[in-house]
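First listed ligand is number 1; within each ligand, the first listed atom is number 1. This chain uses plain numbering: 1 for the first residue, then up along the sequence.
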Amino acid sequence: MIGQAISRVDGPFKVTGQATYAHEHWEAGQPLYGFILGATIGRGRITLIDASRAEHSPGVRKVMTYRNAPAQGAPDESIPSLYWRAQPVLTNPEIRHYGEPVALVVAGTFEQARAAASLIDIEYAVEPGNYDFATRQDQSYVPKVVNGRMEAETSVGDFDSGFNSAAVKVDQRYTTPYQFSHPMEPNACLAVPRGDDLILYVSAQIVDSARASVANTLRIDPERILVVTPYVGGGFGSKLGIHSETILAALAARQLNEPVKVVLTRQQIFHLMGLRPTTSQRVRLGAGKDGRLVAIAHEVNMYTSPHEEYAEQTAATTRALYAAPNRWTSHRLTPLDLPRGEDVRAPGEAPGLLAVESAMDELAYALAMDPIELRIRNEPKVHPETGIPFSDRRLVECMREGARRFGWDQRPAQPASLRKGRWLVGYGMAAAIRMHFQGPAKARVRMCPDGTAVVQSDMTDIGGGTYTILAQVAAERLGLPIDRVRVEIGRSDFPVSWGSGGSWGAANSSTAVYRACEALREKLLASARDKSEALSEIVARNHPEGLEAEGEIVSMEKDPNYRAYSLNTYGAHFAEVGVDVDTAEIRLRRMLGVFAAGRFLNPKTARSQLIGGMTFGVSYALHEQAVVDTRSGAFVNRDLAEYLVPVHADIPELDAVLLDGFDDKANVLGVKGIGELGVCGSAAAVTNAVFNATGVRVRDFPITLEKVLPGLPLMEA
Ligand code: MOS
């Protein structure tokens, strides 16, 4: 059962509309609708706010501003993750970023609330803000830690002398833009008061963080809050924590003692969610003529909110990727008056590998060496910074297998040398690596006398396939057909997990379910007869009310394997692009990823995640960027018409090949995370293919045609 390509058990619910998303719960009756009004300045303070016209607008029940909002808890920085901290809103007249909530209007319908919000009169004292990353980088500082509690700076050997002595050098700067998660389902909350208690139907990746954050903000006992999030229409980081939509819905519901629903518009997501920081990355590679690296440096500068520090671990994968005796990685933060940074789709690894794997391609070109051969020559035997062994490192195997399947030997050795009709055609590849994380998680399994089982955890399914893989694990360990296992997740009254994030959800929760099943079997063994019988028969005979057990996985800090080994997942991406000889229009022609991540619980859901991640990579290379107006701090292209993401026509043939395995250092199931692996390196493969097609190296992402066109060789059309 484990390892089989089973279709999603929740699929029929989704395609028949029975899967209920946050704003679709009707069991509490007709709700009120809240609309968030955002500031139209980037920095300053409100000098006048007059809601009287709005309050008398049809259907309006309440207008909440800083003048009448309830007192709230402040963020406690001793809580390690910002997603668990309080997130107070409407606390004072200060404006710290464009779009920051200045009012919540609650009315009978969404349209009434939005119309009334436009009638709130506000005057601001505008202060000059800092919005331009390009001109503020000299203001940067080194943070104490970066995301994932990793070191901000690392150094091995002597980078400067190593680099200076190198025969062949690459020294380039790469810049990556602001990006937003943008799940299909916008961030939403329906808050239902029940006396002093509160039910929150939210769209959340981590139930525990949602509950903690609301409890800390509203200063109420978390036990009084029930978070419900059975289906989540994508998260990509933006739902690791809740935001103002949930806090404001909760505050209003308690004040009015009625259900209140707040859903963000697509445009609002551009200012009310955290975003991926823009980066400027300097990568220096020094190698001998044989291609062996003697020095690697990856220095990252990125923006942060001055109020809530966030540092993507952009240089972190560089620490484990290639061997070199002299090394240096660093992260710096440049404060800007923008919404806070947050995790977005492979935080750190996506922009970091884009830079480093572009630089490796540049080095291969400088050496006139095949890019795969260059990487193989620099494959480390142990972790190149810490010296500890890798568990289950299969990068070279991914590259070789990918090269064979993709037909890498057909790659034109010289850039801009292969032409097919109007198209200059090029091949590119890049390596993928991502750390595997393990967090604490619990699950409960109940066996019923009728031969069914129920799995319960506060784990979420954000589209990755949690329902299916947990059912597979329980079915296999309990000896049941999969349709006899019911998976119940996404409720805060179930055993606590750390949800879906950091690509750890599947490995964490499937291990917890496995352990719960083992514990259940232990209990049943005591009352088993001395013959083979189904577990359900033992339950029916001895436990007419059913029997349950819990299972648990501890955090990586408490697991010695995670100190003794470097646990990562690996892959190799291959891309073929065509670039129009006249217009520099770039078209992906095909793409292949080959991945090794221990055991694959379900190759079907895994492949879907991986091709989704690869598609993000295409997006990073060619499409996606949020553009800030450096006068106001507003993101100007704030809708999906102008914030480009790939559509079907942009993604032709794309496939992911899974090299199944078993990482015995990771967990008892041998499983590692894959949620973000497909995002890692995929953008660089596309970038390197554009170079191979044209001879034009773009280092400022995304690669748009106006950046390629000036360098395009003149050719007959
Ligand atoms: Mo992920 S960016 O941890 O949802």
Side-chain angles (χ1 to χ4, degrees), residues 80-84 146-150 176 178-187 202-210 213 229 231-243 269 273-277 279 302 310-314 316-317 339-354 432 434-441 458-466 490 497-509 555-556 568-569 597 605 608-610 612-617 619-620 624 626 645 672-683:
S81 167
L82 51 85
Y83 305 121
W84 270 256
V146 300
N147 197 29
R149 296 197 278 276
M150 289 182 237
T176 63
Y178 299 102
Q179 293 178 337
F180 287 85
S181 297
H182 278 301
M184 288 275 276
E185 180 204 15
N187 309 68
V202 295
S203 191
Q205 292 177 235
I206 310 176
V207 165
D208 194 55
S209 74
S213 184
T229 180
Y231 295 98
V232 181
F236 312 130
S238 73
K239 297 170 184 174
L240 291 166
I242 52 88
H243 297 85
I269 288 176
M273 287 299 123
L275 58 146
R276 185 200 295 284
T279 71
M302 73 191 98
Y310 174 81
E312 268 198 321
Q313 65 276 33
T314 313
T317 45
R340 76 180 187 192
E342 286 186 25
D343 298 306
V344 172
R345 299 179 246 138
E349 300 95 15
L353 282 167
L354 178 49
R434 188 172 183 281
M435 271 162 275
H436 172 69
F437 296 96
Q438 175 172 302
D458 82 351
M459 178 57 184
T460 53
D461 190 331
I462 62 174
T466 307
S497 76
W498 270 28
S500 306
S503 302
W504 68 11
N508 284 348
S509 290
S555 72
M556 56 198 280
N568 306 278
T569 55
T605 54
S608 292
Q609 286 222 60
L610 289 162
M614 291 164 67
T615 305
F616 291 154
S619 190
Y620 295 177
E624 204 175 336
V645 293
K672 292 187 283 193
I674 48 153
E676 285 152 302
L677 179 59
V679 195
C680 298
S682 43

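- Applying side chain to side chain contact (heavy atoms under 4.5 Å, CB included) to Pro347 and the options Val679, Leu240, Thr314, Asn147 leaves one that passes, Asn147.
- Checked against a 3.5 angstrom limit, the closest N/O atoms of Phe236 and ligand 1 fall outside it.
- The residue Lys239 has no part lying near ligand 1, judged by heavy-atom distances below 4.0 Å.
- Remark: side-chain polar atoms of Arg434 are not paired, donor with acceptor, to backbone N or O of Ala350 under 3.5 angstrom.
- Atom 2 (S) of ligand 1 has its closest protein heavy atom at Arg345 N, 3.3 Å.
- Every atom of ligand 1 with a heavy atom of Gly237 under 4.0 Å away is listed here by number and element: 2 (S), 4 (O).
- At least one N/O-N/O distance between Gln205 and ligand 1 falls below 3.5 Å.
- No side-chain N or O of Thr317 forms a donor-acceptor pair with one of Glu349 less than 3.5 Å apart.
- Considering Ser209, Ser203, Ser181 as possible partners of Lys239, the one that fulfils the side chain to side chain donor-acceptor pair (under 3.5 Å) test is Ser203.
- In terms of polar-atom proximity, Gly502 is counted as a contact of ligand 1, with an N or O under 3.5 Å from an N or O of the ligand.
- Formation of a donor-acceptor pair under 3.5 Å by the Thr569 side chain with backbone atoms of Ile674 is not found in this model.
- Looking at Ile462 against ligand 1, nothing comes within 4.0 Å, counting heavy atoms.
- Applying the 4.0 Å criterion to heavy atoms of Gly501 picks out, from ligand 1, the atoms 3 (O).
- Glu676 OE2, 3.3 Å is the protein heavy atom nearest to atom 1 (Mo) of ligand 1.
- Using a 4.0 Å cut-off between heavy atoms, Pro347 contacts ligand 1 through its side chain alone, with no backbone atom that close.
- A donor-acceptor contact closer than 3.5 angstrom is absent between the side chains of Thr229 and Thr460.
- The existence of a salt bridge linking Arg345 and Glu624 is confirmed by a sub-4.0 Å separation between a basic side-chain nitrogen and an acidic carboxylate oxygen.
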